[in-house]
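Let me begin by presenting the structure, written as structure tokens, before commenting on it.
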Amino acid sequence: MADDGIQQAGTLRFEESARQVAENARFVAGGVNSNFRLGMAPGPLVFERGEGAYLIDADGNRIIDYYCGMGATVLGHSPAPVIAAVQQQVQKGILFAGQAPIEYEAARLICERIPSAERLRFGSSGSEVAQAAMRLARAATGRRIIVKFEGHYHGWFDNILWSTAPGLNAAGPEDAPTPVIGSRGQDPAAGEGLSILGWNDLAALEARLARGDVAAVLMEPAMCNQGAIAPAPGYLEGALAACRKHGALLIFDEVITGFRLARGGAQELFGVTPDLTIMAKAIANGFPVAAIAGRAELLDLFADGVLHGGTFNAQPVAMAAMVATQTALTAEHYERSSAQGQRLQDGIRAILSEAGITAQVAGFPLVFHVAFGLDAPARNYRDVARSDKAAYARFAHELLKRGVRVLERGAWFVSSEHDAEVVDRTLEAVRAAAREAAAG
Ligand SMILES: Cc1ncc(COP(=O)(O)O)c(C=O)c1O
């Protein structure tokens with residue numbers, strides 16, 4: 001059964017991962033290169049390679065992966081067209097500090113695909129292009145305040161890492177959240193340019209915008225860092241109208257939702273076109289590409305005194321990966337992978353219900369969220385924060401022991417490699433882990 005993916009509970013061992021992480025903590029702080037890779041039971045894993053829907057770790061375990069590179073690998077771990085494009089491009093050179101035809105092709109593809117994208121600039125990470133979007137909005141409006149929502153994440157920089165996952169004891173009243181700083185060492189003054197609100201509450205947003213000092217409203221158009229929550233009917237339309245009325249810009253952070261909720265992102269799915277959009281993750285199936293796109297006259301400010309730089313911006317090999325990824329993301333791809341993603345989600349919901357576990361399974365076919373202990377769908381961060389995270393983390397660990405890797409925070413990312421057979425194997429593991437969870 002070694003190559004079967006699903007093993008008996010407890011048969012998977014992770015000792016070699018643990019050994020390598022501990023040994024290499026001599027060189028790499030904490031043994032990991034992102035804090036988000038630290039806290040997973042039984043500990044951070046080391047992977048040798050990825051194949052389709054599977055990761056093979058240092059202990060030789062073949063694990064079905066629902067991290068999907070934190071949402072990036074929408075085509076799975078080793079898509080042949082992306083690898084071929086990268087191999088071809090790398091022969092031509094690595095970094096020109098100038099323009100290359102491949103980046104213009106990449107830009108055209110995104111502008112054709114994303115409704116708000118009249119023009120764009122490329123960057124290397126979501127955190128970076130979030131900074132570019134805020135700078136552009138402040139330059140365009142001459143105002144300072146960015147409205148940010150509780151539970152939404154837009155990168156790890158000082159001026160935006162606020163109230164991303166605040167403890168309810170620190171978060172203040174729901175209708176007037178207390179800004180909660182995200183890290184030791186963060187400059188508290190950097191948060192003065194933010195106004196933190198609860199998401200999915202149009203009246204609160206309208207009231208805040210009416211004060212007339214907001215440069216931009218920045219949001220995940222469907223909240224996918226905490227939960228996988230759709231906007232309430234009319235919320236995005238209302239937010240756009242209120243921004244227009246009060247002279248603010250609307251920025252969609254589609255770093256997760258882009259190329260996942262639909263090819264054209266949440267803006268295509270919900271039919272609301274923001275002023276600016278930031279994208280990353282699935283745009284190039286795991287290569288470090290990000291983009292800020294939007295109305296031409298806003299993007300043109302980058303050619304008129306608003307600085308945007310980056311040595312690695314539009315790195316040609318990453319651009320080749322992006323073009324190949326976007327070319328492979330056909331309508332047929334979405335149909336096929338969405339059908340399996342939906343089947344998986346429905347299957348998990350049914351299994352948990354049969355096991356007598358109170359849970360909400362909600363979201364979209366290619367990104368959804370499982371929350372234990374909630375008896376109604378979550379509408380915002382406060383609802384998600386009330387879920388039983390410890391019980392879900394134990395369930396996630398039971399799944400890992402059975403060869404299925406999911407995020408402890410409840411998110412599941414699906415790729416086109418998660419086919420019917422992979423989904424069947426996953427559901428088998430879910431059934432066993434649910435029995436453990438119900439018993440425990
Ligand atoms: C919605 C959202 N925005 C921005 C970011 C930051 O992107 P990156 O990790 O590429 O800097 C993330 C990362 O998870 C994200 O989920």
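Remember, it's a predicted structure, so these values are computed and weren't measured experimentally. For ligands, and for the atoms within them, numbers begin at 1 and follow the listed sequence. These values consider heavy atoms only, across backbone and side chains, with no hydrogens, waters or symmetry-generated copies.
- Scanning all protein heavy atoms for the shortest distance to atom 16 (O) of ligand 1 gives Asn225 ND2, 2.9 Å.
- For Phe36 and Tyr153, the distance between ring centers is under 6.0 angstrom.
- Protein heavy atom in closest approach to atom 2 (C) of ligand 1: Tyr153 O, 3.1 Å.
- For His154, every heavy-atom contact with ligand 1 shorter than 4.0 Å involves the backbone, none the side chain.
- Which parts of ligand 1 touch Ile256 is read off a 4.0 Å heavy-atom cut-off, strictly below it: atoms 16 (O).
- Looking from atom 3 (N) of ligand 1 to the surrounding protein, the closest heavy atom is Asp253 OD2, 2.6 Å.
- Taking a 6.0 Å sphere around CD of Glu112, one finds it holds more than 12 heavy atoms contributed by other residues, nucleotides or ligands.
- With respect to Arg113 and Glu254, no salt bridge is recorded, no charged nitrogen being found less than 4.0 Å from a carboxylate O.
- Under a 4.0 angstrom heavy-atom cut-off, Glu220 registers as being in contact with ligand 1.
- Ion pair Asp419/Arg343 not flagged as a salt bridge, since none of the NZ, NE, NH1 or NH2 atoms sits closer than 4.0 Å to an Asp/Glu carboxylate oxygen.
- Here the heavy atom of the protein found nearest to atom 14 (O) of ligand 1 is Lys281 NZ, 2.9 Å.
- The protein heavy atom nearest to atom 6 (C) of ligand 1 is Ser127 N, 3.5 Å.
- Listed by number with element, the atoms of ligand 1 under 4.0 Å from a non-hydrogen atom of Ser125 are 10 (O), 11 (O).
- In terms of protein heavy atoms, atom 8 (P) of ligand 1 is closest to Gly126 N, 3.4 Å.
- In this structure the side chain of Arg121 never reaches within 4.5 angstrom of the side chain of Asn313, judged on heavy atoms.
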Note to self: Please evaluate residues Gln131 and Asn159 with respect to the criterion side chain to side chain donor-acceptor pair (under 3.5 Å), reporting the C-alpha separation (whole Å), side-chain torsions for both, the decisive distance (0.1 Å), and the verdict.
What the structure shows: CA-CA 9 Å; Gln131 296 296 311; Asn159 61 357; 2.8 Å; yes

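- Taking the six-membered ring for Trp and thresholds of 30 and 60 degrees, Phe368 and Trp412 have nearly parallel ring planes, at less than 30 degrees apart.
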